[in-house]
Amino acid sequence: MDTYAVFGNPIAHSRSPLVHQYFAQQFDDVIQYQAILAEKESVKQIFDDFFVIGKGANVTLPFKEFAYEYADILSDYAQQAGAVNTLIKQSDGSILGDNTDGVGLVRDIANLGFDLTNKSVLLLGAGGAARGVLPALLSKQPLKIVVANRTAEKAAKLAEVSPLVDGTSLTNIPHQPYDIVINSTSASIDKRILDIDTTLLKDATLIYDMFYSADGTFFNEWCQQFSSAKTFDGLGMLVEQAAASFYLWRGKRPDSKRVINLLREKIQSESKNTIS
Ligand code: ATR
């Protein structure tokens, strides 16, 4: 049986084991996929021990930068993102590091019927999550991407990647119509509103929060007051980045839309059970 894992800290609530089992079932494959809690001090040893038999791993916070250092070879997306969320053990024993987060976001946006080509994008936040998805967003040839961040310097740094990207502070976002607004900040996890001019949201047709929750995200609910755009959370991105990892490991493309629906139903029923 092929063995896979996701490493992170915390990791107990990771949906990845379930998502990968849903994928494997579609092909009648039997795989082992564990969630493994790693500590900073021992993470290298844990990776080494795992890859004695492990075929591949996902890596989540806070080890994506470590995984970047750990990999023997890096894909273009991993290099551009400076972070790795997927490790693949190759036939010669070397470990390839890739980053499927951006592909996951872009595929989910396409699933939602939105074409990024020639569109104007407002990306809120300039942390690891934003850096990870920027190369894949650019691959769709948008008209423009404005990265806006509380700390403007970080946005300016990200903007160096392409002349199509501008970096600015949250309070200085250029007034132009944005077709899609993407939240990559962690502000809404803490139920904090972003210090942006809310009239910037009004022309958007799609608002996408890279975070997800059973009953809508704080960011999306907040935006709905100022925009009639459709709002989506990051559950589809989670499944799509996993599907891209599964393909890298097993050469099989799962039906991810089915798994997005299954996972959504499961999360909603868990949330109802908690409330009642
Ligand atoms: P991640 O890897 O998930 O992106 P991160 O690198 O810690 O996490 O980045 C968090 C992002 O959320 C950053 O863009 C951060 O802004 P700063 O770079 O200025 O810190 C943003 N963020 C977090 N809390 C915020 C808040 N209350 N208001 C605005 N931005 C916030």
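Count residues from 1 along the sequence. For ligands, and for the atoms within them, numbers begin at 1 and follow the listed sequence. In what follows, every heavy atom counts, from backbone to side chain, and hydrogens, waters and symmetry copies are set aside.
For ligand 1, the atoms closer than 4.0 angstrom to any heavy atom of Gly127 are 4 (O), 6 (O), 9 (O), 14 (O). Residue Thr151 has at least one heavy-atom neighbour below 4.0 Å for each of these atoms of ligand 1: 17 (P), 18 (O), 19 (O). Each of the atoms 14 (O) of ligand 1 lies under 4.0 Å from some heavy atom of Gly125.
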Pair Phe63-Phe7, ring pair (Phe, Tyr, Trp, His ring centres under 6.0 Å): steps then yes or no: CA-CA 8 Å; Phe63 299 121; Phe7 294 95; 8.2 Å; no
Verdict with reasoning, Phe23 to Phe246, per ring pair (Phe, Tyr, Trp, His ring centres under 6.0 Å): CA-CA 8 Å; Phe23 292 160; Phe246 190 92; 5.5 Å; yes
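Taking the six-membered ring for Trp, Phe47 and Tyr70 have ring centres closer than 6.0 Å.
For atom 12 (O) of ligand 1, the closest heavy atom belonging to the protein is Ser186 N, 3.1 Å. When hydrogens are left out, the protein atom nearest atom 3 (O) of ligand 1 is Ala129 CB, 4.0 Å; that is the closest non-hydrogen contact. Considering only non-hydrogen protein atoms, atom 13 (C) of ligand 1 sits nearest to Asn149 OD1, 3.8 Å. For atom 18 (O) of ligand 1, the nearest protein heavy atom (residue, atom name, distance) is Lys154 NZ, 2.6 Å.
Checked against a 3.5 angstrom limit, the closest N/O atoms of Arg192 and ligand 1 fall outside it. When only interatomic distances are considered, the shortest N/O to N/O separation between Arg150 and ligand 1 falls below 3.5 Å. On a distance-only criterion, Gly128 and ligand 1 share at least one N/O pair closer than 3.5 Å.
Both the backbone and the side chain of Thr185 come within contact range of ligand 1, each with a heavy atom under 4.0 Å. Only the side chain of Leu194 comes within contact range of ligand 1, with a heavy atom under 4.0 Å; no backbone atom does.
Note: the hydrophobic cluster containing Ile193 does not contain Ile189 (ILVMFWY, side chain heavy atoms under 4.5 Å, direct or indirect links).
Look at Asp48 and Lys44 and you find a salt bridge, because one of the NZ, NE, NH1 or NH2 atoms lies within 4.0 Å of a carboxylate O, short of that distance. A salt bridge does not link Lys157 to Glu153: none of the charged nitrogens lies less than 4.0 Å from a carboxylate oxygen. One finds no salt bridge joining Lys191 and Glu221 here, because no Lys/Arg side-chain nitrogen approaches an Asp/Glu carboxylate oxygen to under 4.0 Å.
Put simply, the side chain of Phe50 reaches to within 4.5 Å of the side chain of Thr3, judged on heavy atoms. In this structure the side chain of Ile260 never reaches within 4.5 angstrom of the side chain of Leu238, judged on heavy atoms.
Distances from atom 7 (O) of ligand 1 to the protein include no heavy-atom value under 4.0 Å.
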